Amino acid sequence: MKTVIAVAFGLFLSINILAQTKTTIPKDWEKFSNQIFSFHAPKTLRKLNVRGRDSFVEEYKNEEITVKFDYGLYGNDAGNCSNPVSTTIANKSAKICFYEDLEIDKDKPFVTAISFVKLGKQTKFTFWVRSKTKELQKEAEKIVHSIKLK
(Lines give C-alpha, C1' and ligand atoms only; values in the text may rest on other atoms or scores of the structure.)
Protein backbone atom coordinates (compact mmCIF):
# COMPACT_ATOMS: atom_id res chain seq x y z
CA MET A 1 0.00 0.00 0.00
CA LYS A 2 2.83 2.41 0.89
CA THR A 3 4.47 1.66 -2.47
CA VAL A 4 1.26 2.54 -4.36
CA ILE A 5 0.92 5.81 -2.45
CA ALA A 6 4.58 6.67 -3.06
CA VAL A 7 4.28 5.94 -6.79
CA ALA A 8 1.05 7.98 -7.06
CA PHE A 9 2.62 10.89 -5.17
CA GLY A 10 5.75 10.73 -7.38
CA LEU A 11 3.60 10.74 -10.51
CA PHE A 12 1.63 13.74 -9.21
CA LEU A 13 4.84 15.67 -8.48
CA SER A 14 6.29 14.82 -11.90
CA ILE A 15 3.17 16.03 -13.70
CA ASN A 16 3.01 19.20 -11.61
CA ILE A 17 6.70 20.02 -12.14
CA LEU A 18 6.44 19.27 -15.85
CA ALA A 19 3.43 21.58 -16.16
CA GLN A 20 5.36 24.39 -14.46
CA THR A 21 8.49 24.20 -16.62
CA LYS A 22 9.42 27.20 -18.69
CA THR A 23 7.94 27.05 -22.17
CA THR A 24 10.00 28.04 -25.17
CA ILE A 25 7.96 30.33 -27.40
CA PRO A 26 8.58 29.84 -31.12
CA LYS A 27 10.32 32.85 -32.70
CA ASP A 28 7.68 33.23 -35.41
CA TRP A 29 4.84 33.64 -32.89
CA GLU A 30 3.24 36.98 -32.08
CA LYS A 31 2.40 38.54 -28.74
CA PHE A 32 -1.34 39.19 -28.32
CA SER A 33 -2.14 41.66 -25.58
CA ASN A 34 -5.12 43.29 -23.90
CA GLN A 35 -5.64 45.30 -20.72
CA ILE A 36 -5.60 42.19 -18.47
CA PHE A 37 -3.00 39.77 -19.85
CA SER A 38 -0.92 38.77 -22.84
CA PHE A 39 -0.13 35.48 -24.56
CA HIS A 40 1.95 34.29 -27.49
CA ALA A 41 0.52 32.33 -30.41
CA PRO A 42 0.97 31.85 -34.15
CA LYS A 43 0.76 35.18 -35.95
CA THR A 44 -1.76 33.71 -38.38
CA LEU A 45 -4.47 34.05 -35.70
CA ARG A 46 -7.13 36.65 -36.49
CA LYS A 47 -9.25 38.32 -33.84
CA LEU A 48 -12.99 37.75 -34.20
CA ASN A 49 -15.64 40.27 -33.23
CA VAL A 50 -17.14 38.64 -30.12
CA ARG A 51 -18.47 40.17 -26.91
CA GLY A 52 -19.29 38.82 -23.52
CA ARG A 53 -22.56 39.63 -21.82
CA ASP A 54 -21.13 40.10 -18.34
CA SER A 55 -17.40 39.43 -18.79
CA PHE A 56 -14.41 40.23 -20.99
CA VAL A 57 -14.34 37.72 -23.86
CA GLU A 58 -12.13 37.51 -26.94
CA GLU A 59 -11.64 34.89 -29.63
CA TYR A 60 -8.86 34.35 -32.18
CA LYS A 61 -8.84 31.82 -35.03
CA ASN A 62 -6.83 30.34 -37.85
CA GLU A 63 -7.28 27.14 -39.85
CA GLU A 64 -5.70 24.94 -37.18
CA ILE A 65 -6.59 26.43 -33.78
CA THR A 66 -9.09 28.64 -31.99
CA VAL A 67 -8.13 30.60 -28.87
CA LYS A 68 -10.89 31.91 -26.63
CA PHE A 69 -11.05 33.29 -23.11
CA ASP A 70 -13.62 34.45 -20.58
CA TYR A 71 -12.59 36.80 -17.75
CA GLY A 72 -15.11 38.04 -15.21
CA LEU A 73 -17.39 37.29 -12.27
CA TYR A 74 -19.35 34.61 -14.11
CA GLY A 75 -16.59 32.99 -16.14
CA ASN A 76 -16.83 29.37 -17.19
CA ASP A 77 -14.87 26.43 -15.90
CA ALA A 78 -12.53 24.41 -18.09
CA GLY A 79 -15.33 22.50 -19.80
CA ASN A 80 -15.58 18.69 -20.06
CA CYS A 81 -12.49 18.10 -18.00
CA SER A 82 -12.46 14.90 -16.00
CA ASN A 83 -8.80 14.93 -14.95
CA PRO A 84 -7.55 18.46 -14.24
CA VAL A 85 -3.89 18.87 -13.33
CA SER A 86 -2.82 21.56 -10.89
CA THR A 87 -0.21 23.94 -12.25
CA THR A 88 1.09 27.47 -11.92
CA ILE A 89 0.83 29.94 -14.77
CA ALA A 90 1.78 33.60 -14.45
CA ASN A 91 2.50 32.90 -10.75
CA LYS A 92 -1.14 31.92 -10.15
CA SER A 93 -2.66 28.57 -9.25
CA ALA A 94 -4.55 27.02 -12.13
CA LYS A 95 -6.02 23.76 -13.40
CA ILE A 96 -5.09 22.58 -16.88
CA CYS A 97 -7.12 20.02 -18.84
CA PHE A 98 -6.76 18.13 -22.10
CA TYR A 99 -9.85 16.54 -23.60
CA GLU A 100 -11.76 15.84 -26.80
CA ASP A 101 -15.06 17.61 -27.50
CA LEU A 102 -16.94 17.05 -30.77
CA GLU A 103 -20.04 19.03 -29.77
CA ILE A 104 -18.82 22.65 -29.90
CA ASP A 105 -16.48 22.44 -32.91
CA LYS A 106 -16.14 19.09 -34.66
CA ASP A 107 -13.34 20.47 -36.88
CA LYS A 108 -11.24 21.36 -33.82
CA PRO A 109 -12.16 18.74 -31.23
CA PHE A 110 -8.92 18.67 -29.18
CA VAL A 111 -9.18 21.07 -26.26
CA THR A 112 -6.50 22.47 -23.99
CA ALA A 113 -8.15 24.51 -21.24
CA ILE A 114 -6.82 26.42 -18.28
CA SER A 115 -8.94 27.66 -15.42
CA PHE A 116 -7.35 29.93 -12.84
CA VAL A 117 -8.25 28.94 -9.31
CA LYS A 118 -8.31 32.41 -7.74
CA LEU A 119 -7.87 35.83 -9.30
CA GLY A 120 -8.98 38.50 -6.88
CA LYS A 121 -12.01 37.85 -4.68
CA GLN A 122 -14.48 36.55 -7.28
CA THR A 123 -12.89 36.94 -10.70
CA LYS A 124 -12.75 33.85 -12.89
CA PHE A 125 -10.48 33.42 -15.89
CA THR A 126 -10.75 30.50 -18.29
CA PHE A 127 -8.68 30.17 -21.46
CA TRP A 128 -9.31 27.51 -24.13
CA VAL A 129 -7.37 26.45 -27.19
CA ARG A 130 -9.19 24.16 -29.61
CA SER A 131 -6.98 22.25 -32.06
CA LYS A 132 -7.57 20.35 -35.28
CA THR A 133 -5.24 17.51 -34.31
CA LYS A 134 -3.96 15.90 -31.14
CA GLU A 135 -0.41 16.87 -32.17
CA LEU A 136 -1.42 20.55 -32.15
CA GLN A 137 -2.27 20.24 -28.46
CA LYS A 138 1.48 20.54 -27.78
CA GLU A 139 1.37 23.96 -29.44
CA ALA A 140 -1.81 24.78 -27.53
CA GLU A 141 -0.05 23.97 -24.27
CA LYS A 142 2.75 26.39 -25.21
CA ILE A 143 0.13 29.10 -25.81
CA VAL A 144 -1.46 28.48 -22.42
CA HIS A 145 1.91 28.55 -20.64
CA SER A 146 2.82 31.84 -22.34
CA ILE A 147 0.04 33.74 -20.49
CA LYS A 148 1.31 36.72 -18.52
CA LEU A 149 -1.09 38.65 -16.28
CA LYS A 150 -0.68 42.41 -16.03
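Computed from a prediction, not measured in an experiment: that's the story for all the values here. Values below: every heavy atom of this structure, side chains too, minus hydrogens, waters and symmetry copies.
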Enter the distance from [X]:[atom1] to [Y]:[atom2] here, rounded to the nearest 0.5 Å.
{"X": "Phe116", "Y": "Thr126", "atom1": "CZ", "atom2": "OG1", "result": "9.0 Å"}
{"X": "Leu149", "Y": "Ser38", "atom1": "CG", "atom2": "OG", "result": "8.5 Å"}
{"X": "Ile96", "Y": "Glu141", "atom1": "CD1", "atom2": "CD", "result": "5.0 Å"}
{"X": "Phe127", "Y": "Ile143", "atom1": "CZ", "atom2": "CD1", "result": "6.5 Å"}
{"X": "Asp107", "Y": "Glu63", "atom1": "CG", "atom2": "CD", "result": "9.5 Å"}

Is [Y] reachable from [X] through a run of I, L, V, M, F, W or Y residues, each pair having side-chain heavy atoms under 4.5 Å apart?
{"X": "Ile104", "Y": "Val57", "answer": "no"}
{"X": "Ile147", "Y": "Ile65", "answer": "yes"}
{"X": "Phe110", "Y": "Tyr60", "answer": "no"}

Would one find more than 12 heavy atoms of other residues, nucleotides or ligands at under 6.0 Å from atom [atom1] of [X]?
{"X": "Lys106", "atom1": "NZ", "result": "no"}
{"X": "Glu103", "atom1": "CD", "result": "no"}
{"X": "Asp28", "atom1": "CG", "result": "yes"}

Original post:
Is a side-chain donor-acceptor pair under 3.5 Å present for Lys95 with Ser86?
Top reply: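 Distance-only check passes for Ser86 and Lys95.
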
Original post:
With no hydrogens and no angle check, do the side chains of Ser55 and Lys124 hold a donor and an acceptor under 3.5 Å apart?
Top reply: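 The answer is no; no qualifying pair exists.
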
Mind checking whether [X] and [Y] have side chains closer than 4.5 Å, heavy atoms only?
{"X": "Thr66", "Y": "Trp128", "answer": "no"}
{"X": "Thr87", "Y": "His145", "answer": "yes"}
{"X": "Phe125", "Y": "Lys92", "answer": "no"}
{"X": "Lys68", "Y": "Leu48", "answer": "no"}
{"X": "Arg46", "Y": "Asn62", "answer": "no"}

Subject >> Under the salt bridge (Lys or Arg N to Asp or Glu O under 4.0 Å) test, residues paired with Glu58 that sit two or more places apart >> reply: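 Once residues adjacent in sequence are excluded, the partners of Glu58 under the salt bridge (Lys or Arg N to Asp or Glu O under 4.0 Å) criterion are Lys47.
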
Original post:
Under 30°, 30 to 60°, or over 60°: which ring-plane class applies to Phe37 and Phe69, parallel, tilted or perpendicular?
Top reply: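 The arrangement is perpendicular - the two ring planes meet at more than 60°.
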
Original post:
Should the ring pair Phe39 and Phe32 be called parallel, tilted or perpendicular, given that the plane angle runs from 0 to 90° and is split at 30 and 60?
Top reply: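 Ring orientation of Phe39 relative to Phe32: parallel.
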
**OP:** Return yes if some donor-acceptor pair links the side-chain N/O of Lys142 with the main-chain N/O of His40 below 3.5 Å, else return no.
**Re:**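 No; judged by distance alone, with no hydrogens or angles, the pair does not exist.
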
Original post:
Between the main-chain N or O of Lys108 and the side-chain N or O of Arg130, is there a donor-acceptor pair closer than 3.5 Å?
Top reply: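 Yes: the side chain of Arg130 pairs with the backbone of Lys108.
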
Identify each donor-acceptor pair in which a side-chain atom of residues 132-140 lies under 3.5 Å from a protein atom, sequence neighbours left out, and give them as a table.
from   : atom 1 : to     : atom 2 : distance (Å)
Thr133 : OG1    : Leu136 : N      : 3.2
Gln137 : NE2    : Val111 : O      : 2.8

